[in-house]
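Accompanying notes for the structure given below.
Remember, it's 1-based here, ligands and their atoms both numbered in the order they're listed. For this chain, numbers begin at 1 and follow the sequence in order.
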Amino acid sequence: MIETDIIIIGAGPTGLFAVFEAGLLKLKCHLIDGLPQPGGQLTELYPKKPIFDIPGYPSVGAAELIDNLMEQIKQFQPGFTLNEVAETVEKLEDGTFIVTTNKGTKHHGKAVAIAGGLGSFEPRKPELENLAFYEDKGVEYFVKKPEMFAGKKIVIAGGGDSALDWSIYLAEIAAEVHLVHRRNEFRGALDSVEKVQVLKDQGKINLITPAEVIALKGNDEKLEAVVIEKDGEQSEVACDYFIPLFGLTPKLGPIANWGLEIEKNAIKVNNALDYQTNIPGIYAIGDVNTYPGKLKLILCGFHEATLMCQSVYNMMNPGKKFVLKYTTVSGINGFDGTRKEAEKAVVKAID
Ligand SMILES: Cc1cc2nc3c(=O)[nH]c(=O)nc-3n(C[C@H](O)[C@H](O)[C@H](O)COP(=O)(O)OP(=O)(O)OC[C@H]3O[C@@H](n4cnc5c(N)ncnc54)[C@H](O)[C@@H]3O)c2cc1C
């Protein structure tokens, strides 16, 4: 049995930052993630992309942000159970919890923070006859290692940000990029659409709209071409990779059966207070939760993680009044959240 204060389900940015905020309050955390590495969507879906809306970073690579979060929480020595999915939760009579994974690993904690993001990542797949056969033989649903596409012929399908952004990125390293979309208009950001137009004019992207990939062709070993239908006519485009980027189907997975209030695939929480769910002691933070005005942004997950940790601190220390602390004053390790400690730290800082 793994013992901890807060069992965090999901090691995306929200779960990782929760470890830091908990650490400031001397609460120990253990993270569970179904993926083999921490980082959630950032590592799994867009590790090489720059993010522009993290306060204090004009631009930061997604993988770099996760590396920095890992560095920031190292000092609090969180535990990790990776490659295992949290399957069941049991509330004991004393109010503590046991979370068990699909591989039978048991975690005992005083609170549970679900930071499960989109849940398990299920790409939306086009309905093509031999699609499953060519998976890992040329059909890819994520661009995890862009370098593997260098010098290759690529067909990307989709009309959202992912399709546009990866077409732009791969146009610089691939031999050919064909972007196929069933409409003339794209759903993605305007400046991405404009960049694609520029790359099209430069001959770096072959834009095929309104059109659809209707069949895959190849041998037993690998994909060799796709068949595209445009204006009722069919043509074949030779390619090494076909990357359909039609978004992800959000799937909460086993968490959906835990008796939590769910709305549109997300967990309802009390956002006026502390992001607790309808089960006291179970919190939901980051992309996985919903409340009026919810925004699925990294910085919102950070804020929610902070309030969750303070609530757990109050729950574990009844009668002790929590006082907001500044890390500039108290540092990282010299504070236990009480007024006495805060005053001591301020005096020390003034001295
Ligand atoms: C292409 C793209 C670009 C984006 N760009 C930006 C941006 O510029 N700025 C911004 O703020 N946001 C951006 N986002 C959104 C941002 O990635 C999310 O808001 C963020 O990842 C949410 O973090 P999280 O930790 O809540 O969840 P996630 O990152 O989704 O992590 C959740 C983790 O929980 C795990 N998990 C789920 N269920 C279980 C279970 N039962 N057991 C074990 N593990 C489980 C998953 O495996 C996953 O690792 C972007 C998203 C995408 C897809």
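- Taking every non-hydrogen atom of Ile51 and a distance limit under 4.0 Å, the qualifying atoms of ligand 1 come out as 7 (C), 8 (O), 9 (N).
- In this structure, Trp166 and Tyr169 have perpendicular ring planes: the angle between them is above 60°, well past the 30° mark.
- Geometrically, Lys48 does not engage Tyr46 in a cation-pi contact, judged by NZ or CZ lying under 6.0 Å from the ring centre and within 45° of the ring axis.
- Those atoms of ligand 1 that come under 4.0 Å of a heavy atom in Val85, given as number and element, are 40 (C), 41 (N), 42 (N), 43 (C).
- Taking a cut-off of under 4.0 Å to the non-hydrogen atoms of Leu42, the atoms of ligand 1 that pass are 17 (O), 21 (O).
- Ring-centre distance between Phe242 and Tyr134: not below the 6.0 Å cut-off.
- Residue-level proximity to ligand 1 for Lys296 is carried by the backbone, the only part with a heavy atom below 4.0 angstrom.
- Aromatic ring centres of Tyr275 and Tyr283: separated by at least 6.0 Å.
- For ligand 1 and Gly10, the ligand atoms under 4.0 Å from any heavy atom of the residue are 33 (C), 34 (O), 35 (C).
- Near Gly40, meaning under 4.0 Å from any of its heavy atoms, are these atoms of ligand 1: 29 (O), 31 (O), 48 (C), 49 (O).
- At a heavy-atom distance under 4.0 Å, no atom of Ile54 approaches ligand 1.
- Under a 4.0 angstrom heavy-atom cut-off, Gly253 registers as lying outside contact with ligand 1.
- Nearest heavy-atom pair across Val19 and Pro78 is CG1-CB, 3.7 Å.
- Of all the heavy atoms in Pro244 and Val139, the pair that sits closest is CD-CG1, 4.4 Å.
- Listed here is the closest heavy atom pair of Val288 and Ile114: CG1-O, 3.4 Å.
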Expected list for residues 180-202: side-chain donor-acceptor pairs under 3.5 angstrom, two or more places apart:
unit_1	atom_1	unit_2	atom_2	d
His181	NE2	Glu185	O	3.0
Asn184	OD1	Thr209	OG1	2.9
Ser192	OG	Asp165	OD1	3.2

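- Which parts of ligand 1 touch Ala115 is read off a 4.0 Å heavy-atom cut-off, strictly below it: atoms 32 (C), 33 (C), 34 (O).
- Heavy-atom contacts of Ile32 reach the following atoms of ligand 1: 43 (C), 44 (N) (cutoff under 4.0 Å).
- Counting only residues at least two apart or in different chains, side-chain hydrogen bond (donor to acceptor under 3.5 Å, both in side chains) contacts with residues 66-83 comprise His30-Thr81, Tyr57-Asn68, Glu71-Lys74, Thr81-His107.
- Between Leu252 and ligand 1, no pair of N/O atoms sits closer than 3.5 Å.
- For a threshold of 3.5 Å applied to N or O pairs, the pair formed by Gln41 and ligand 1 contains at least one separation below that value.
- Ile228 approaches Val213 most closely through the heavy-atom pair CG1-CG2, 4.1 Å.
- Residue contacts with ligand 1: Pro13 is included, with a non-hydrogen atom under 4.0 Å away.
- Contact annotation: for Asp53 versus ligand 1, heavy atoms closer than 4.0 Å belong to the side chain alone.
- Residue Val288 does not touch ligand 1, judged by heavy-atom distances below 4.0 Å.
- Checked against a 3.5 angstrom limit, the closest N/O atoms of Phe52 and ligand 1 fall outside it.
- For ligand 1, the atoms closer than 4.0 angstrom to any heavy atom of Gly34 are 43 (C), 44 (N).
- Looking at Phe17, Trp166, Tyr46 and measuring to atom 13 (C) of ligand 1, the nearest heavy atom belongs to Tyr46.
- Neither the backbone nor the side chain of Glu44 comes within 4.0 Å of ligand 1, counting heavy atoms alone.
- Panel note: side chain Asp240, backbone Lys153; a donor-acceptor pair is recorded below 3.5 Å.
- For the residue pair Glu84/Thr105, the side-chain donor-acceptor check at 3.5 Å is satisfied.
- If you look at Ile9 next to ligand 1, the close heavy atoms, those under 4.0 Å, all belong to the side chain.
- Contacts with ligand 1 closer than 4.0 Å are made by side-chain heavy atoms of Leu45 only, the backbone lying farther away.
- For ligand 1, the polar-atom distance check finds no N/O of Ser162 at less than 3.5 Å from any of the ligand's N/O atoms.
- What you find for Ala22 and Ile6 is that their closest heavy atoms are CB-CD1, 4.0 Å.
- Considering backbone and side-chain atoms alike, Glu84 places every N or O at 3.5 Å or more from each N or O of ligand 1.
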**Request:** Determine, step by step, whether Asp33 and Phe80 satisfy the side-chain contact (heavy atoms from CB on, under 4.5 Å) criterion, reporting the C-alpha distance in whole Å, the side-chain angles of both residues, the deciding distance to 0.1 Å, and the verdict.
**Result:** CA-CA 8 Å; Asp33 205 299; Phe80 285 92; over 6 Å; no
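- Heavy atoms of Ala86 found under 4.0 angstrom from ligand 1 belong to the backbone as well as the side chain.
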